[in-house]
Amino acid sequence: MIALIDCNNFYVSCERVFDASLMGKPIVVLSNNDGCAIARSEEAKALGIDMGTPEHMIRDQLQAHNVRVFSSNYTLYGDMSRRVMMVIKELVPKAEIYSIDEIFCDMSNMPFTDLAALAAGIRETVMRCTGIPVSVGIAPTKTLAKMANRYAKKKFREIGVYCADSKEKTEAMLLFTEVADIWGIGRQHELKLQTEGCRMAADFIRLPQEWVLKEMTVVGYRTQMELNGTPCIKWEEVAPAKKNICTSRSFGQLVTSKREIQQALATFTSACARKLRAEKTCATSMHVFVQTNVHRKQDEQYLSSIVLDIPVASNCTTELMKFSMTALNILFKPGYKYHKTGITVMNLVPEKQIQLGLFDTAQRERDEKVMKALDDVNRQYGHDTVRIAKQEFNKSWKLRSNFKSKRYTTQFSELAPIKAK
DNA sequence: TCTGGGGTCCTAGGACCC
DNA sequence: TCTGGGGTCCTAGGACCC
């Protein structure tokens, strides 16, 4: 049996751990740039605030109901996630971190027969150690475990556990779950299924296999198999190496000058290079794009991108910047109001196996030392404490982040204060 | 005025080879 | 008038995830 443990309203719960006055209040966490609502407390959901709604469309509602609003604080959420995962991994023999707030656990070799009771124990331990509430779904496959987790949240909120260990209990949640809420079925497949007269998961599992293969490819077929109790999705206890690494952001305000886009892109390139070094990989090509704001119908639109080969695979900030700046020189056209830029480094290869170019020199060794020093300093004092000249901060392009909480767990200067009476 | 960011996998079709 | 066939590799685009 497989358990899927999922943190409840994770970002909101993280904020609550450090501010008890937030309990029971409606809370919303916004995406980067304070753009959309991406996490909501139960109280906020009850007000009808939907996932992904732009902030400016719900601003009145937020004020009217005194909703507490936060900018996203990924430093805090990332660290809280690490803690939750660490606690859970201590309690089960085999686990796979699936996302910042979810983890699959293999429950097949546990020395307990009552899995629901075991799950309740895990919930309680995570709460005690981290302050984060979680829900647990248990079932024979990953897709069913995801469904059981959702079912637990919807139908057994207080218990927070659902164990689909019998035909009847599995059938109950298949009858309850709409096709759109099945893990692996998105907007397009939902529409197809609806025209086929298929509304609930219980209908979907009965569709002929030929139809599913033809209309939803093997991906949909695997989902169907999983819902029928046959595992098709393998375990990945150690995260497979990344194939691409991307850093991109919308600007806090529209930008017209090339110089400012250069600064932004240089900063994103630096972030990509740092991520590459953390993964111990090098990139052999990069994709760079610039674009205007597609939502502004009144503005002339421009979107362009380019892929450049990197002759000798690299994770050196200055080296990658040379290429991304070249790309920008090709892409940039004056006269547009730019909204976003970004870089994806691709075709990653392990640091150790780089094919040296014909004209490669001892430069590489020196670069490595410089990058290591740069990473060491920045790890200790915060990203971009030491940076490359091109990143020079003008900041007009910087993210909006007007409601950010402290980095309570990773910066000494931002620790939560404790009042002693 | 204001609409996130970072990923993966699959397929179809073109280029190329023998 | 007749105009091979089979295989691999690569890429763009679609769909999905959190």
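For clarity, every value in this text was computed on a predicted model and none was experimentally measured. Per chain, numbering begins at 1; letters A, B, ... match sequence-line order. In what follows, every heavy atom counts, from backbone to side chain, and hydrogens, waters and symmetry copies are set aside.
Remark: the Ser135(A) side chain and the Arg150(A) side chain contain no N/O donor-acceptor pair separated by less than 3.5 Å. Under the 3.5 Å distance criterion, with hydrogens and angles disregarded, no donor-acceptor pair is assigned to the side chains of Lys340(A) and Asn293(A). Looking only at atom types and distance, the side chain of Glu102(A) has a donor-acceptor partner in the side chain of Ser99(A) under 3.5 Å away. In this model, no donor atom of one side chain and acceptor atom of the other lie less than 3.5 Å apart for Tyr336(A) and Gln291(A). For Lys275(A) and Asn315(A), the side-chain atoms include no donor-acceptor pair closer than 3.5 Å.
Under the 30°/60° scheme for interplanar angles, the aromatic rings of Phe18(A) and Tyr408(A) are found to lie parallel. Ring pair Tyr11(A)/Tyr77(A) is parallel by interplanar angle, where below 30° counts as parallel and above 60° as perpendicular. Ring planes of Tyr151(A) and Tyr162(A): perpendicular class, angle over 60° (limits at 30 and 60°).
Checked for salt-bridge contact, Asp6(A) and Lys153(A) meet the test: a charged N lies under 4.0 Å from a carboxylate O. Ion pair Glu171(A)/Arg206(A) flagged as a salt bridge, since at least one NZ, NE, NH1 or NH2 atom sits closer than 4.0 Å to an Asp/Glu carboxylate oxygen. Ion pairing between Glu55(A) and Arg59(A) holds under the 4.0 Å rule for side-chain N and carboxylate O. No salt bridge links Asp34(A) with Arg400(A); every basic N to acidic carboxylate O contact stays at or beyond 4.0 Å. The existence of a salt bridge linking Lys45(A) and Glu43(A) is excluded, since no basic side-chain nitrogen approaches an acidic carboxylate oxygen closer than 4.0 Å.
If you walk DNA chain C from 5' to 3' and mark each nucleotide with an atom closer than 4.0 Å to a heavy atom of chain A, the marks span dA15(C) to dC18(C).
Contacts of residues 182-201 of chain A with DNA chain B (heavy atom under 4.0 Å): none. Contacts between residues 140-152 of chain A and DNA chain B, defined by a heavy-atom separation under 4.0 Å, are absent. Residues from residues 38-64 of chain A lying near DNA chain B, meaning a heavy-atom separation below 4.0 Å, are Pro54(A), His56(A), Arg59(A) in numerical order. Of all the residues in residues 239-246 of chain A, Lys242(A), Lys243(A), Asn244(A), Ile245(A), Cys246(A) reach under 4.0 Å from DNA chain B with at least one non-hydrogen atom. Taking every heavy atom of residues 96-107 of chain A and every atom of DNA chain C, pairs under 4.0 Å involve Tyr98(A), Ser99(A), Asp101(A), Glu102(A), by number. Residues of residues 65-84 of chain A that place a heavy atom closer than 4.0 Å to DNA chain C do not occur. For residues 215-222 of chain A, proximity to DNA chain B is found at Thr217(A), Val218(A), Val219(A), Arg222(A), defined as any non-hydrogen atom under 4.0 angstrom from a strand atom.
Counting only residues at least two apart or in different chains, salt bridge (charged side-chain N to carboxylate O under 4.0 Å, His left out) contacts with residues 314-323 of chain A comprise Glu319(A)-Lys322(A).
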*asked:* Would Thr292(A) and Asp299(A) count as a side chain to side chain donor-acceptor pair (under 3.5 Å) here? Give the steps.
replied: CA-CA 8 Å; Thr292(A) 51; Asp299(A) 289 350; over 6 Å; no
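Between the side chain of Lys169(A) and the backbone N or O of Cys163(A), at least one donor-acceptor pair lies under 3.5 Å. A distance-only check finds a donor-acceptor pair linking the side chain of Glu414(A) to the backbone of Arg407(A) [under 3.5 Å].
Phe251(A) pairs by the ring pair (Phe, Tyr, Trp, His ring centres under 6.0 Å) definition with nothing, not counting sequence neighbours. Taking Asn244(A) as the reference, nothing meets the side chain to side chain donor-acceptor pair (under 3.5 Å) condition, with sequence neighbours excluded.
Aromatic ring centroids of Trp235(A) and Tyr98(A) lie 6.0 Å or more apart. Annotation: Trp211(A) is not in aromatic contact with Tyr221(A) [ring centroid separation under 6.0 Å not met].
Each of Lys94(A), Lys89(A), Lys142(A) was checked for a salt bridge (charged side-chain N to carboxylate O under 4.0 Å, His left out) with Asp106(A), and the lone residue meeting it is Lys94(A). Of the listed residues (Val29(A), Leu30(A), Ile58(A)), just one forms a side-chain contact (heavy atoms from CB on, under 4.5 Å) with Val69(A), and that residue is Leu30(A).
Across all strands shown, His339(A) has heavy atoms under 4.0 Å from sugar-phosphate atoms exclusively, and none from any base.
For Gln298(A), the CD atom counts as densely surrounded, since its 6.0 Å shell holds more than 12 non-hydrogen atoms of other residues, nucleotides or ligands.
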*Nucleotide-level pairing of DNA chain C, given in dot-bracket where Watson-Crick and G-U pairs need both distances under 3.5 Å and | marks other strands*: ....||||||||||||||
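Within the cation-pi definition used here (under 6.0 Å to the ring centroid, within 45° of the axis), Lys404(A) does not qualify as a partner of Phe70(A).
If you take atom C1' in dG4(C) and the same atom in dC16(B), they sit 16 Å apart, rounded to whole Å.
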